[in-house]
Protein chains: 2
Amino acid sequence: MLQLTRDGEYAVRAVIFLAAQPEGKVSLINEISVEQEVPKSYLSKIMQHLTRAGLVKSRRGAKGGFTLARTADTITLRETIEAVEGPIFLNVCLIKKGECHRDDLCPVHPVWKEAQKKLMEVLEGKTMADLVKDAEAIKKSSKRAMLRKA
Amino acid sequence: MLQLTRDGEYAVRAVIFLAAQPEGKVSLINEISVEQEVPKSYLSKIMQHLTRAGLVKSRRGAKGGFTLARTADTITLRETIEAVEGPIFLNVCLIKKGECHRDDLCPVHPVWKEAQKKLMEVLEGKTMADLVKDAEAIKKSSKRAMLRKA
DNA sequence: GGTATTTAAGACTATTTTAGTCCGAATATA
DNA sequence: TATATTCGGACTAAAATAGTCTTAAATACC
Ligand code: FES
Ligand code: FES
């Protein structure tokens, strides 16, 4: 449907949450689930994917939980989404040659290629560190708006 | 899955086919299906959608068939796809306010907004007339390549 | 060692979407 | 009337989506 799935959306929320935590803080499924409004048992599966993809580090048992596996400025939005959704291709013919009926004669192919490139530029241009910073800026400006009203 | 469905792909093929026909030519499901490698009975449904969306004109009965309802230079790639897939939104929260958990506080929202805008620019920037012209250019240049080889 | 805590792994399910097929009815031509 | 052709909708199989639930494994603390 040319639309991000819940998997992708939830993965992004979870990673942003981790990125926003203070250095060394370990987060529990429960916290993330409540704060980011993601069903707990569903989130658990998503965290597993993120862990296997190497974005997140997990520790089991008492005092266990999740942290980022790398610094937030090295994790892009694209990587986070693809970790749970698999590689993004706006059209099947972009996966590899021979998927479409006579790819090199298809006039639409270059158009999808460009659309794909632009989408990737946007998703790769934002790191989790950027998003955390943006979130802070939004919070501050909305606080100012509240004060103006009062 | 953040990917174009067969509906969209087939619709584009069908409309390009019609756009490439000489003025006044009426095309049959059968022709389009064979030429563009789309299952006949599936294509029939897609043509209905395109007709209802006002991109294509249909006439039943003997000597019936399909033609474009408007000139090819007024039909964009976006319009063709949305005629069969419905409006494109890269994330549900782009549909309308209140879809995401607290939209105005979400730092990811502006990113999706930009991705959406760029995608739309690409898909709206190509008309069916453009694509037919591109196809001709590709055919010519591939013919030149053949001659060089021979 | 025993117990509480916490994630890992995967089986299971319900609903929706995708990608079609098939057929009878309507419509137009000759 | 016979023939050609789309229209409309019912029908289907397979996959994706969006979850839930249960059991196992790892870790910490007493
Ligand atoms: S081959 Fe890629 S759009 Fe046709
Ligand atoms: S509200 Fe649109 S991405 Fe979060």
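Worth knowing before you read on, the calculation uses all heavy atoms, side chains too, and leaves out hydrogens, waters and symmetry mates. Note on naming: letters A, B, ... go to the chains in the order of the sequence lines (proteins, then strands), and numbering restarts at 1 for each one. Predicted, not measured: the structure shown is a model, and the values here were computed from it.
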Practice task
Look at the side chain of Arg60(B) and decide which nucleotide, out of dA8(C), dT6(D), dT18(C), has an atom nearest to it.
Solution key: dT6(D)

Exercise for the section: Look at the side-chain N and O atoms of Arg52(A) and state whether any lies under 4.0 Å from the OP1 or OP2 oxygen of dA9(C). Expected result: yes

Handout entry: Side chain of Pro39(A) - closest among dC29(D), dT29(C), dG19(D)
Key = dG19(D)

Problem - Interatomic distance where OH belongs to Tyr10(B) and P belongs to dT21(C) [whole Å] - result: 9 Å

Practice task
Determine: side-chain N/O of Ser58(B) to OP1/OP2 of dC7(D), distance under 4.0 Å, yes or no.
Solution key: yes

Handout entry: From NZ (Lys117(A)) to CE (Met120(A)), nearest 0.5 Å
Key = 13.0 Å

Exercise for the section: From the options dA8(C), dC7(D), dT7(C), select the nucleotide whose nearest atom is closest to the side chain of Thr51(A). Expected result: dA8(C)

Handout entry: N/O (side chain, Arg59(B)) to phosphate O (OP1/OP2, dA4(D)) under 4.0 Å
Key = no

Practice task
Rounded to the nearest angstrom, tell me the gap between atom CD1 in Ile32(B) and atom P in dT5(D).
Solution key: 12 Å

Exercise for the section: Side chain of Ala62(B) only, please: which of dG8(D), dC21(D), dA4(D) is the nearest? Expected result: dA4(D)

Completion exercise
Rounded to whole Å, CG of Asp7(A) lies from P of dA15(D) at a distance of 19 Å

Exercise for the section: May I ask you to say what Met1(B) touches in the nucleic acid, namely base, sugar-phosphate or nothing, with a heavy-atom cut-off under 4.0 Å? Expected result: sugar-phosphate

Exercise for the section: Specify the separation, in whole Å, of atom CD1 of Ile46(A) and atom P of dG19(D). Expected result: 9 Å

Problem - Spacing of Phe66(A) atom CZ relative to dT27(D) atom P, expressed in whole Å - result: 14 Å

Exercise for the section: Examine Arg6(B) relative to Tyr10(B) and say whether NZ or CZ is less than 6.0 Å from the centre of the six-membered ring and inside a 45° cone about the ring axis. Expected result: yes

Practice task
Give a yes or no on whether a salt bridge exists between Arg70(A) and Glu79(A), defined as a side-chain N under 4.0 angstrom from a carboxylate O.
Solution key: yes

Practice task
May I ask you to check whether Asp7(A) and Thr5(A) show a side-chain donor-acceptor distance below 3.5 Å?
Solution key: no

Practice task
State plainly whether the residues Glu121(B) and Lys126(B) are in salt-bridge range, i.e. N to O under 4.0 Å.
Solution key: no

Exercise for the section: Would you kindly give the CG-to-P distance between Leu43(A) and dT17(D), to the nearest whole Å? Expected result: 18 Å

Handout entry: Nearest-Å distance for atom pair OH/C1', residues Tyr42(B) and dA10(D)
Key = 16 Å

Problem - Closest-nucleotide ordering on DNA chain C, the 5'-leading residue of Ser41(A) and Lys45(B) - result: Ser41(A)

Completion exercise
From CG of Leu2(B) across to P of dT17(C) the rounded distance in Å is 17 Å

Fill in the blank from the handout: When Lys40(A) and Lys63(A) are each assigned the nearest nucleotide of DNA chain D, the 5'-most assignment goes to Lys40(A)

